[in-house]
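In this text the structure is predicted, and so the values were computed from the model without any measurement.
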Amino acid sequence: MEHIKNFTPRVYQRSILETCKKKHTLVCLPTGMGKTKLAILLAVHRLNAIDGSKVLMCSPTKPLSNQICEEFKESTTISPSLINLLTGNTKPEERKKLWAVSKVIIATPQTIQSDIENGRISLENVSLLCLDECHRSKERFANTILAKYYNEQARNPRVLGLTASPGGTTDKITAICENLNIEAIEIRSEEDPELKQYVQEKKAEYINVELPESIKKIRDKLKGVYTSKVSRLRSFGVTKPASLINKKDLLVLQIRLRKEITKGNRAAFGGISLVAQAIKLSHSIELLETQSVSASKAFFDKLQGDETKAARNILNDKSVQEGIEQLSILIKAEVKHPKLEKVVDIISHELKQNPSGKSIVFVNFRSTVDEVVQELKKHRHIKPVKLIGQKEGLTQKQQIEVLRKFETGIYNCLIGTQILEEGLDVKGGAELALFYDPGSGSEIRKIQRSGRVGRMKPGKVIFLITKNTRDEAYFWSAHRKEKKMKNMLHSMQRKQEKQSVLSN
């Protein structure tokens, strides 16, 4: 018989476990409240209940999969040789052999999907499929494809979906439940009495910064060009005032115009070009307002190599040319976005108060990560390091080493993009989570980022918001969506509980 070791299940984990034993369950718990431990409890139960079966746990990234693998080894009496990590770095034939001898397999869903489709493995003997960060379970994503294979092949299926934030609309949450064949929802928030004793105090601060006039002038120039492009879209059925049209509106229009082209409407080509120009200009403005002068200039430099008609039209515009020239002047004069200076001030202040403290800086764009790191490196007491994905340049081994050095104090400031947001457990925690930007208005990203602090000890979350820019809109959008999501999940859970009582 397999057993749990080195931890005692909490009351709410035991309560949720009882539901998970009986039904395919979506579990929504705040970051740091023991989702992986719950998966381990259910895994041990299934292995004991169904003789000779296996457990498969999938997570979106290799570093996170590696952490989960180690947690399984530390928290169960299962022989470590029977708990194995499968990734794309392991040769397919080796994965096939490891699958055959393993009781617990931790992998990315893409790896398992590939092995199933190439006939290397079967899921018939898997008694539990656990999908971590399951808000990624959209229609064509690997999670969803894997869940479909699992429900077709498994003799004794049980699905567990784990997330801190499934999404801000009923449609999104319903889609996840349908895609994973979910039968029950278990949600606990930080306000729930069961969790309160385990939740560390987490203070939130909002720091506004003002763009200098030199940057505002360039921004206004680019906005003028953007407005002129968007205003011309009226002839293609756009009724909103130009000032209210957002990126989502442009993408919806782009899809509609492409359909018009397939129907033979050649006039739609002009609209497609205008939309493409508006999207590119909108992005350049966002970079200037929320990221840095260099990021905006780098975008236009990249546009020089874009041979599309939309790119040529933008670069041929006199106001855009003047804006690019002024960006170059600002860079030479070392005029920086005020957020860069503010990041240094905040982290320096935190280290003065607590010299052994650690900070995490979340950034939306990869190019800004390097700029923040370089700015922080100028200050001897700050020891920054970046954590980025494999596609962006760090191998899995390097990612794990960066985390180890941050955890042991070799570095005291970790700067990264999305890879920092999902699931990674920074052992020992960090005292400060600093949002360089609000993460494009996503409630999921807001929840994930905030969860990186206040796990083992009190923490602080600081939001940097540039006044009168998209930062403000994104921040309040994420705030509203988060509140709405929690209300919806509680409502769905109450509805299920009521139906369960009536059916009994």
Side-chain angles (χ1 to χ4, degrees), residues 26-32 35-40 43 55-72 84-90 95 104-117 126 128-150 159-167 172-173 175-177 179-180 182 360 362 364 366 387-400 402-403 414 416-426 439-440 442-452:
L26 171 65
V27 175
C28 303
L29 277 173
T31 303
K35 290 188 290 294
T36 304
K37 288 289 194 290
L38 178 65
I40 291 170
V55 164
L56 171 61
M57 183 159 184
C58 291
S59 69
T61 66
K62 291 169 187 175
L64 179 53
S65 296
N66 183 72
Q67 287 190 345
I68 291 169
C69 186
E70 293 306 311
E71 198 166 344
F72 260 91
N84 286 298
L85 177 67
L86 303 186
T87 74
N89 292 341
T90 312
R95 293 202 303 265
V104 177
I105 301 102
I106 299 97
T108 56
Q110 293 88 345
T111 300
I112 300 299
Q113 180 187 340
S114 172
D115 285 348
I116 293 169
E117 292 173 351
V126 175
L128 171 65
L129 170 63
C130 178
L131 296 166
D132 196 21
E133 308 294 348
C134 71
H135 52 271
R136 288 171 170 251
S137 305
K138 295 177 183 176
E139 190 176 353
R140 293 186 182 88
F141 279 36
N143 270 358
T144 302
I145 297 166
L146 183 54
K148 184 174 180 290
Y149 286 141
Y150 179 64
V159 177
L160 175 63
L162 301 174
T163 182
S165 43
K172 283 181 184 177
I173 297 165
I176 290 169
C177 292
N179 290 337
L180 303 184
I182 294 296
I360 299 176
F362 294 100
N364 212 21
R366 167 71 178 82
L387 185 68
I388 54 177
Q390 282 190 289
K391 289 180 182 176
E392 298 166 316
L394 281 188
T395 65
Q396 179 191 357
K397 191 175 179 181
Q398 288 171 326
Q399 290 167 350
I400 292 167
V402 165
L403 279 175
L414 190 60
T417 51
Q418 198 165 358
I419 191 171
L420 262 177
E421 296 168 6
E422 292 190 324
L424 283 175
D425 181 19
V426 181
S440 298
S442 165
E443 75 284 5
I444 292 175
R445 300 188 78 176
K446 180 176 181 287
I447 291 166
Q448 301 277 12
R449 289 176 169 190
S450 300
R452 297 303 108 206

What pairs with [X] under side chain to side chain donor-acceptor pair (under 3.5 Å), at least two apart in sequence or on another chain?
X      : result
Glu117 : Gln113, Tyr149
Asn66  : none
Thr36  : none

Listed by chain and number, what are the side chain to side chain contact (heavy atoms under 4.5 Å, CB included) partners of [X], not counting sequence neighbours?
X      : answer
Ala39  : Met57, Cys130, Leu160, Leu162
Thr87  : Lys62, Leu85, Asn89, Thr90, Gln396
Asp115 : Arg95, Thr111, Arg120, Ile121

What is the distance from atom [atom1] of [X] to atom [atom2] of [Y], rounded to the nearest 0.5 Å?
X      : Y      : atom1 : atom2 : answer
Lys35  : Leu38  : NZ    : CG    : 10.0 Å
Gln67  : Phe72  : CD    : CZ    : 14.0 Å
Ile388 : Arg366 : CD1   : CZ    : 4.0 Å
Ser59  : Ile106 : OG    : CD1   : 8.5 Å

Within a strict 4.5 Å, meaning less than it, do heavy atoms of the [X] and [Y] side chains meet?
X      : Y      : value
Leu131 : Thr163 : no
Leu64  : Glu133 : yes
Asn143 : Asn179 : no

Closest heavy-atom pair and its distance - [X], [Y]:
X      : Y      : answer
Cys134 : Ile176 : O-CG2, 3.9 Å
Ala147 : Leu129 : CA-CD2, 4.0 Å
Tyr150 : Val126 : OH-O, 2.9 Å

### Task
Tell me, with the steps shown, if Ile68 and Asp132 meet side chain to side chain contact (heavy atoms under 4.5 Å, CB included).
CA-CA 10 Å; Ile68 291 169; Asp132 196 21; 3.7 Å; yes
### Query
Taking only residues two or more places apart in sequence, or in another chain, which ones meet Lys148 in a salt bridge (charged side-chain N to carboxylate O under 4.0 Å, His left out)?
Glu152
